[in-house]
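When reading the values below, keep in mind they use all heavy atoms of this one structure, side chains included, and skip hydrogens, waters and symmetry mates.
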Amino acid sequence: MPLLTQQIPDENDYSLEASLDNVRNLSTILKAIHFREHATCFATKNGIKVTVENAKCVQANAFIQAGIFQEFRVQEESVTFRINLTVLLDCLSIFGSNPMPGTLTALRMCYQGYGYPLMLFLEEGGVVTVCKINTQEPEETLDFDFCSTNVINKIILQSEGLREAFSELDMTSEVLQITMSPDKPYFRYKISLLKPSTKALVLSCKVSIRTDNRGFLSLQYMIRNEDGQICFVEYYCCPDEEVPES
């Protein structure tokens, strides 16, 4: 990406630098968790985790491994910032969400550190656009404490089967009961909390469904991008405490 590289200031003090030959490999994953306006980003040498929460009842995490990027550098042990996810997605699709066949939008992303904007350098067909998105003080995210040792039910299945099941549900209903075992306890979940996870379900090829002994639900989606690389999106959801256990 010589043209794109020329446009970027030669600075060595960026906390985070990453580049992609195909911006859709990032934007597609972020769209899968875009059900609230703001997100918190956590970057380490292993990649980036983007977290979206709602009402302390549901949390979505997109995991973008470092290997997805052509270049990926984090100068510190970890880098954290909050950002407007709606604005970020708008910037990532600034050249359009459906480019001409054979045309890719390249991305270079730079973040200098606390108080600085997230800088995006996007190039398509020799045209470079620069976007600066203000970052915010990161808020503490929820810890659902979903430990594998407390998991009492686990199912891994092809996403197609779950998509068919969801398509037959009345999404205007209040709650959904998921029975994964003939033995109690059984748990109910608010459909309004589960509905955002269908964005990830549509994109995924496999899904892991788990519940722990408190009734917390984990939906982990395996998503394959256009280059065949694997990313994961995970949703955590609290059970509906207003409905007594039967």
Side-chain angles (χ1 to χ4, degrees), residues 13-18 23 26-66 68-69 72-93 107 109-120 131-148 150 189-200 203 210 212 214-221 223 231-242:
D13 58 347
Y14 285 122
S15 298
L16 168 65
E17 287 184 272
V23 73
L26 175 62
S27 61
T28 298
I29 299 300
L30 295 181
K31 287 175 183 176
I33 62 168
H34 183 215
F35 62 93
R36 299 287 287 178
E37 193 168 76
H38 289 87
T40 303
C41 301
F42 307 87
T44 67
K45 64 179 181 179
N46 297 318
I48 301 174
K49 180 177 78 167
V50 184
T51 299
V52 178
E53 296 178 337
N54 184 23
K56 297 185 178 181
C57 294
V58 64
Q59 182 186 84
N61 298 294
F63 300 92
I64 305 109
Q65 293 91 332
I68 298 296
F69 299 90
F72 188 83
R73 287 191 295 275
V74 177
Q75 303 288 2
E76 305 168 19
E77 185 176 336
S78 64
V79 176
T80 307
F81 56 90
R82 194 165 184 257
I83 198 164
N84 188 309
L85 184 57
T86 304
V87 172
L88 175 58
L89 284 169
D90 285 345
C91 291
L92 294 178
S93 60
L107 166 70
M109 183 168 58
C110 304
Y111 175 63
Q112 198 166 342
Y114 182 82
Y116 287 90
L118 180 68
M119 299 180 64
L120 306 177
C131 301
K132 294 183 180 181
I133 307 174
N134 290 334
T135 58
Q136 303 167 5
E137 178 82 28
E139 296 181 352
E140 188 174 350
T141 56
L142 296 170
D143 180 6
F144 277 79
D145 193 27
F146 198 95
C147 180
S148 58
N150 295 328
Y189 303 92
K190 288 186 181 294
I191 284 187
S192 61
L193 299 180
L194 291 176
K195 197 171 182 179
S197 71
T198 57
K199 290 185 176 183
L203 298 169
R210 298 178 296 164
D212 68 8
R214 304 165 302 165
F216 283 70
L217 175 68
S218 163
L219 297 166
Q220 189 177 68
Y221 299 97
I223 299 173
C231 291
F232 290 93
V233 168
E234 188 164 40
Y235 276 78
Y236 292 115
C237 184
C238 297
D240 182 18
E241 297 179 354
E242 296 179 3

When rounded to the nearest 0.5 angstrom, what is the spacing between [atom1] in [X] and [atom2] in [Y]?
X    : Y    : atom1 : atom2 : value
L217 : Y189 : CG    : OH    : 4.5 Å
L26  : K31  : CG    : NZ    : 10.5 Å
T86  : R36  : OG1   : CZ    : 10.5 Å
Q136 : I83  : CD    : CD1   : 8.5 Å
E139 : R82  : CD    : CZ    : 4.0 Å
I29  : K199 : CD1   : NZ    : 13.5 Å

Original post:
Between F146 and Y236, what is the ring plane arrangement, given parallel below 30°, perpendicular above 60°, and tilted in between?
Top reply: tilted

Original post:
Can you check whether C237 reaches L194 side chain to side chain, under 4.5 Å on heavy atoms?
Top reply: yes

Listed by chain and number, what are the ring pair (Phe, Tyr, Trp, His ring centres under 6.0 Å) partners of [X], not counting sequence neighbours?
X    : value
F63  : none
Y111 : F81
F216 : F144

**OP:** For the pair Y235 (side chain) and P196 (backbone), establish whether a donor and an acceptor sit closer than 3.5 Å, ignoring hydrogens and angles.
**Re:** yes

Please find the pair of heavy atoms, one from [X] and one from [Y], that lie closest to each other, and give the distance.
X    : Y    : result
I223 : A200 : CD1-O, 4.2 Å
P138 : T40  : CB-CG2, 4.3 Å
L193 : C238 : CD1-O, 4.5 Å

List the residues meeting side-chain hydrogen bond (donor to acceptor under 3.5 Å, both in side chains) with [X], not counting sequence neighbours, and say none if there are none.
X    : answer
S78  : none
E140 : none
Y116 : none

By side chain to side chain contact (heavy atoms under 4.5 Å, CB included) - contacts of [X] (at least two apart):
X    : value
E76  : S15, V79
N150 : C147, D212, N213
Q220 : S208, F232, E234
C91  : V87, L120, C131, I133

Would you give me the side-chain donor-acceptor pairs under 3.5 Å for residues 41-52, sequence neighbours excluded?
unit_1	atom_1	unit_2	atom_2	d
T44	OG1	N46	N	3.2
T51	OG1	N61	OD1	2.6

